[in-house]
2 protein chains.
Amino acid sequence: MLKDIPQEKQRQRAPSKRALETRARIMDAAERVFARSGFDAASIRDIAAEAEVQGALVNHHGGSKEELFWRVVARRADVLGDARVAALETRKAHGPLTVPAILECFFGPFFEHVDVGGPQWVAYARIVAFVSADDRWKDLAAICFDPTANRFVEELAALYAPQARSSVASGFVYAVASMLALITSQWRMEALGDAPINAADHLDKLVAFCAAGIDAAAQREGSQTT
Amino acid sequence: MLKDIPQEKQRQRAPSKRALETRARIMDAAERVFARSGFDAASIRDIAAEAEVQGALVNHHGGSKEELFWRVVARRADVLGDARVAALETRKAHGPLTVPAILECFFGPFFEHVDVGGPQWVAYARIVAFVSADDRWKDLAAICFDPTANRFVEELAALYAPQARSSVASGFVYAVASMLALITSQWRMEALGDAPINAADHLDKLVAFCAAGIDAAAQREGSQTT
DNA sequence: GTCTATAATGAGATAGAC
DNA sequence: GTCTATCTCATTATAGAC
């Protein structure tokens, strides 16, 4: 995926071990700072301070601020996209797919990474929410997210008549928006619901919400075939 | 609503007509610039240029950059919140409410304003998407959006058993996220769906998606009572 | 690969004339 | 209310020593 970053310079030699550690520390720091401040409010200085390195090193390892942002997003999008497609393949090998099953393959790897990877993956999720809400990152989203998204829309669309395809695509975008809302707006759900939230229930409820929604939207245009 | 803005200064005299026009022009310009750049990337200078006034006038009429942002959001949130609640009251007077009916009262006034008000309301919608995705505007969201949101969650929750309330609240947050996605990510739906989108169908599909989703999520916790 | 020092730019805000 | 001019500050990025 990194090869898709415009003007990505090809490195001539393998970086040293120390350089790799420094680089990883800078990427992680950038991820956290971008997550809490957004792209514009984040400064290279903040990132350098968070990584406990000098400012010039951030430019050295990450390139310009914008290149750094692309790298931060692409790094995890790669891993996550592969995990999602793998989950889909595995599920498919065990029997016919359903809408909830497909959504579980999309949401599941994400929440598993959040569970085991902790704050870094939550930070990534917040960044994805920023990227999705802002036209300015259209190209980034297209390169990093579209291949996986297209695959999932195709699997979903296969469950309905051809004329329902655009409804299914809309439903999938709503589902992604809902998933991101669960990450960024959990406090809001708790405030409106007058109760703290059981984390374990959340994924199930999200799947139930989106599966029913996609089915209802698709049924308006064509009948389910499986 | 403006009274809720911290440190809002009470004016001593009614502003002149010219001042009102200038002020409105500045607010509209700020709305457009904030919508396309977000808060941090927008500059007072950009806003002044967009409004065709001098930079100092923006500070004079809008206060600090952050105060200006609050004002821009609060101005429309007020109008929209009232329209939504009014739609709900009217509907309620004509018979028992349903989930789709409640959602239509929430979504409808918004899309009507977008239709008649055009670009300024679309700009507002994009700003709301930014506000919703960013923790930093929690207080702004709580003051401007929560009263209306609470009212709608209550009406929805009244259709289900008490223990379903937190599921209904989650579903409502998902619904709002989906509504914003329709504004900010329509291009994405069209790209994934391989077809341009019929604008008139969109509201219906959004309602169908969210109503089915809320019902499914709520049914996991309690049975519908009406 | 890492660091110090600094160049070059653009930001928000205000003082004070009209 | 409006405008000009400017203050003060923080930013990104790089040059060059080690």
*Asks:* Which nucleotide, dT2(C), dT2(D), dC3(C), lies nearest any side-chain atom of His61(A)?
*Replies:*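 Among the listed nucleotides, the one closest to the side chain of His61(A) is dT2(C).
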*Asks:* Heavy atoms under 4.0 Å is the rule here; annotate nucleotides 12-18 of chain C 5' to 3' with B where the base is hit, S where only the sugar-phosphate is, and - elsewhere.
*Replies:* BBB----
*Asks:* Please output the side-chain donor-acceptor pairs of residues 175-187 of chain A that fall under 3.5 Å, not counting sequence neighbours, one pair per line with the distance.
*Replies:*
unit_1, atom_1, unit_2, atom_2, d
Ser178(A), OG, Tyr174(A), O, 2.9
Thr184(A), OG1, Leu180(A), O, 3.2
Trp187(A), NE1, Thr184(A), O, 3.4

*Asks:* Cut-off 3.5 Å, no hydrogens considered: what does the side-chain donor-acceptor table look like for residues 165-173 of chain B, sequence neighbours left out?
*Replies:*
unit_1, atom_1, unit_2, atom_2, d
Arg165(B), NE, Leu192(A), O, 3.4
Arg165(B), NH2, Leu192(A), O, 2.8
Ser167(B), OG, Lys205(A), NZ, 3.1
Ser170(B), OG, Ser166(B), O, 3.2

*Asks:* Please tabulate, for side-chain N and O atoms in residues 108-120 of chain B, each donor-acceptor pair with protein atoms closer than 3.5 Å (sequence neighbours left out).
*Replies:*
unit_1, atom_1, unit_2, atom_2, d
His113(B), ND1, Pro109(B), O, 2.8
Gln120(B), OE1, Arg32(B), NH1, 2.4
Gln120(B), NE2, Asp28(B), O, 3.4
Gln120(B), NE2, Glu31(B), OE1, 2.6

*Asks:* Between P on dC3(D) and CG on Leu57(B), what's the gap in Å once rounded to a whole number?
*Replies:* 5 Å
*Asks:* Among residues at least two apart in sequence or on other chains, which ones pass side-chain hydrogen bond (donor to acceptor under 3.5 Å, both in side chains) with Glu52(A)?
*Replies:*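 By the side-chain hydrogen bond (donor to acceptor under 3.5 Å, both in side chains) rule, Glu52(A) matches no residue at all.
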*Asks:* For residues 137-148 of chain A, which side-chain donor-acceptor pairs fall under 3.5 Å, sequence neighbours excluded?
*Replies:*
unit_1, atom_1, unit_2, atom_2, d
Asp146(A), OD1, Arg188(B), NH1, 3.0
Asp146(A), OD1, Arg188(B), NH2, 3.0

